[in-house]
Novice: 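Quick one: the structure is below, questions incoming.
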Amino acid sequence: MDAIVKNFPQTNRDSDRPSQQEAEEAVRVLLRWAGDDPTREGLLETPARVVKSYRELFSGYDMAAEDVLGRTFEEVAGYDDMVLVKDIPFYSHCEHHMVPIIGKAHVAYMPDGRVLGLSKIARVVEIYGRRLQTQETMTAQIARAIDDTLNPRGVAVLIEAEHMCMAMRGVQKQGSTTLTTTFTGTFKTEPADQARFMTMVRSR
Ligand SMILES: Nc1nc2c(ncn2[C@@H]2O[C@H](COP(=O)(O)OP(=O)(O)OP(=O)(O)O)[C@@H](O)[C@H]2O)c(=O)[nH]1
Ligand SMILES: [Zn+2]
């Protein structure tokens, strides 16, 4: 756990966490605050359901990207060109309003001898998505995790997402998309690599 706290400051220690009972009580307070009655039949099980659902929606705090990215392999017949996994869907929650962010991540890297299992890239998106996030932070974290563990020649991450806090409330603009990118290594220094990444992401 200490390694997780050190490398991923968003995560807290198990001992700092409130109990299940305390979390359920907090949901009861919010239900009363919203104007409802947590003792009515339909809401009796709701605090337990919400807490269980939060466990799943915020399960990324209990996982470290290094653990899933640790397993790499080299036997790819000298393949050294771009590997792109695009259209990885994710649901996250914004750290300002705790309302969903719904989007897709496109993640590429230029191997330097070793490659990752493809599913591991989608798992990293899950690990950072299932936390309270800003889109910028999530984009940078995915890129950094792959850069640090695989040491590839470059990493490119593009995330496109709709923020429900801008659609359901506040400014109420439905359908707007936010794009964020992080480029490292050759994707940062070689405009041609960056352009090829963008073209491949955009091609249908
Ligand atoms: N940069 C960034 N901003 C975000 C993200 N998710 C939500 N926000 C914004 O965070 C800001 C929080 O602004 P505040 O003025 O503190 O909060 P607010 O009064 O609820 O703002 P409104 O949403 O404009 O009603 C809003 O502009 C949100 O649109 C994100 O991933 N990245
Ligand atoms: Zn928000």
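Given the structure is predicted, the values throughout are model-derived calculations rather than measurements.
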Novice: Spell out, as yes or no, whether a donor-acceptor pair under 3.5 Å connects the side chain of T184 to the backbone of V155.
Specialist: yes
Novice: Nearest 0.5 Å, please: how far is CE in M164 from OG in S92?
Specialist: 12.5 Å
Novice: Do R49 and E45 meet the salt-bridge criterion of a basic N to acidic O distance under 4.0 Å?
Specialist: no
Novice: Quick one: do L158 and I101 end up in the same hydrophobic cluster if we chain Ile, Leu, Val, Met, Phe, Trp and Tyr together by side-chain heavy atoms under 4.5 Å apart?
Specialist: no
Novice: If you count heavy atoms of other groups shown closer than 6.0 angstrom to CZ of R28, is the number above 12?
Specialist: yes
Novice: Are L150 and L118 linked, directly or through intermediate hydrophobic residues, by side-chain heavy-atom contacts shorter than 4.5 Å (ILVMFWY only)?
Specialist: yes
Novice: Check the surroundings of atom OH in Y79: do more than 12 heavy atoms from other residues, nucleotides or ligands lie under 6.0 Å from it?
Specialist: yes
Novice: For residues T134 and T137, is any side-chain donor paired with an opposing acceptor at under 3.5 Å?
Specialist: yes
Novice: Could you tell me whether the side chain of R153 and the main chain of P111 form a donor-acceptor pair under 3.5 Å?
Specialist: yes
Novice: Given side chain to side chain donor-acceptor pair (under 3.5 Å), test E24 with Q20 step by step and report yes or no.
Specialist: CA-CA 6 Å; E24 288 183 20; Q20 163 112 5; 2.9 Å; yes
Novice: Hey, is R202 close enough to E160 for a salt bridge, meaning N to O under 4.0 Å?
Specialist: yes
Novice: How far does CZ of R71 sit from OG1 of T149, to the nearest 0.5 angstrom?
Specialist: 14.0 Å
Novice: Check this for me: does any side-chain nitrogen of one of D67 and K120 sit under 4.0 Å from a carboxylate oxygen of the other?
Specialist: no
Novice: Using a 3.5 Å distance criterion without hydrogens, assess whether the side chain of R196 forms a donor-acceptor pair with backbone atoms of A192.
Specialist: no
Novice: Of all the heavy-atom pairs spanning V124 and A145, show the shortest one and how long it is.
Specialist: CG1-CB, 4.4 Å
Novice: Strictly below 4.0 Å, N to O, side chains only: are R40 and D36 in salt-bridge contact?
Specialist: yes
Novice: Looking only at heavy atoms, which two atoms of R131 and M63 are closest? And how far apart?
Specialist: NH2-O, 3.1 Å
Novice: Under a 4.0 Å threshold between the charged nitrogen and the carboxylate oxygen, would R17 count as salt-bridged to D62?
Specialist: yes
Novice: List the steps, then state whether side chain to side chain donor-acceptor pair (under 3.5 Å) holds for E162 with Q174.
Specialist: CA-CA 8 Å; E162 183 174 8; Q174 296 86 20; over 6 Å; no
Novice: So, the side chain of Y109 versus the backbone of D112: is there a donor-acceptor pair under 3.5 Å, distance only?
Specialist: no
Novice: Just by modelled atom types, is the Y128 backbone N or O under 3.5 Å from a matching donor or acceptor in the Q133 side chain?
Specialist: yes
Novice: Can you confirm whether E25 is buried at CD, in the sense that more than 12 heavy atoms of other residues, nucleotides or ligands lie under 6.0 Å from that atom?
Specialist: yes
Novice: Using the benzene-type ring in the case of Trp, are the ring centres of F197 and H106 under 6.0 Å apart?
Specialist: no
Novice: Are the side chain of Y91 and the backbone N or O of R130 linked by a donor-acceptor pair below 3.5 Å?
Specialist: no
